[in-house]
Amino acid sequence: MKLKTPYYLIDEKKLLKNLKIIKYIRDYCGAKSVLALKCFSTWGVFKLMKKYMDGTTASSPYEARLGYEKFGKEVHAYSVGYSKEDIKEVGKIADTVIFNSVSQLKTFYSSVRTCKVGLRINPRVSYSHFDLADPARRYSRLGVVDKNSLSKVMHLISGVMFHFNCENDDLKTFSKHLDYITEQYESILKRLEWVSLGGGLYFTKADYPVKKFCRKLKEFSDRFKLQIYLEPGESAITQSAELVTTVLDIVKNQIDIAIVDASTEAHMLDLLIYRSQAKIREAGGGKYRYMIAGRSCLAGDIFGTYRFPSKLKTGSIIRFSDAAGYTMVKKNWFNGLKMPAIVVKRLNGKIDVVRKFEYKDFMTNLS
Ligand SMILES: *Cc1c(COP(=O)(O)O)cnc(C)c1O
């Protein structure tokens, strides 16, 4: 079958590699993992993912509902700011509701009596390469800072969430921060039933010391007799998808520029936000150098500059890797560009086109 570009291609076999590590951690040290839907919510592969994970965690009521309807198992709901309506919706479907502040907790805890209730804490330490994504940045609104106010509401909560990492592949800094948290929050942790350590831990990266990581987690959970949750987003789906495109034209302005039938702004937005270059596995070097650019009218719609072993031409296929996390969730209709279809390569090799988009989807996106 010849697929029409552009399309996102999720490969379940590659996904499975990550999921097996998640399950290993669960088996080895008891830490449960809930998928962070804000990173990845392509529910066409949830049937596979839910065999290896314990549920989902949401940053909004819609995400919570998606987790409830399409993933099942545990539904954790967090929001930086709940409205009264939000709480009504979330209270019906969530197992765990996590508040961002003491004031929101006090306002709403009595409306979510059937749920486990938690608070997000800002431990004022973090690991992130980007200020934009640093939860402990100056003036951060993410989580409770004041320990005194926290100790006054302990009777209302059974757990807390610390999300303090972003793409952390260094076990040493994680361990150091966990020790710091242990020391700083000892009296609080002793009184809780569960703690979520958030996401941002890159434990599915090649050569990550998974066993050591498990031992660290186990030491922590044993000490306080706690259920640990992890909230992996990126590490659950990393390296499992590609954005497949076709070269439409090659133009020259001092250098050769290949224009593909997709766009950074519309289809891989994080590249622009974090000023990074898309990854192309085939471009490992070679004589032929091209800038690969998108077809939106944004001047800086550039995937990157690469060397290829052979000349590109109109019709050449360009596959951008790592197109799952923070990519598909952010796609948008800028410029009215054709939206990449969503294709899944199942474990048995079968190719499923799970979603195609057409003009009507663009039109109905606004009114
Ligand atoms: C973003 C986020 C996650 C997932 O982070 P990843 O870096 O994708 O693992 C988990 N928990 C919370 C609270 C988050 O904000």
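Each ligand, and each atom within it, is numbered from 1 in the order the structure gives.
Between atom 13 (C) of ligand 1 and the options Glu234, Glu231, His76, the minimum heavy-atom separation is to Glu231.
Note on ring orientation: taking the six-membered ring where Trp is involved, the planes of Tyr127 and His129 are perpendicular (angle over 60°, cut-offs 30° and 60°). Between Phe164 and Phe174, the ring planes lie parallel to each other; the angle is under 30°, not in the 30° to 60° tilted range.
Using modelled atom types, no side-chain atom of Tyr180 and backbone atom of Val125 make a donor-acceptor pair closer than 3.5 Å.
For ligand 1, none of its N or O atoms has an N or O atom of Asn165 under 3.5 Å away. At least one N or O atom of Gly233, backbone or side chain, sits closer than 3.5 Å to an N or O atom of ligand 1. Here's the thing with Tyr78: none of its N/O atoms is less than 3.5 angstrom from an N/O atom of ligand 1.
Under a 4.0 Å criterion applied to the non-hydrogen atoms of Ala36, ligand 1 contributes the atoms 3 (C), 4 (C), 10 (C). Those atoms of ligand 1 with a heavy atom of Met161 less than 4.0 angstrom away are 13 (C).
Under the 6.0 Å cut-off for aromatic ring centres, Phe308 and Tyr288 do not qualify, their centroids lying 6.0 Å or more apart. The aromatic ring centres of Phe99 and Tyr109 sit 6.0 Å or more apart.
For atom 9 (O) of ligand 1, the nearest protein heavy atom (residue, atom name, distance) is Gly200 N, 2.7 Å. Among protein heavy atoms, atom 15 (O) of ligand 1 sits closest to Lys38 NZ, 2.7 Å. Looking from atom 5 (O) of ligand 1 to the surrounding protein, the closest heavy atom is Tyr326 OH, 3.4 Å.
Ligand 1 has no atom lying under 4.0 Å from any heavy atom of Glu167.
Among residues two or more places apart in sequence or in another chain, the ring-ring contact (aromatic ring centres under 6.0 Å, His included) test is passed with His76 by Tyr229.
A ring-ring contact (aromatic ring centres under 6.0 Å, His included) check over residues 338-367, counting only residues at least two apart or in different chains, returns the pairs Trp333-Phe362.
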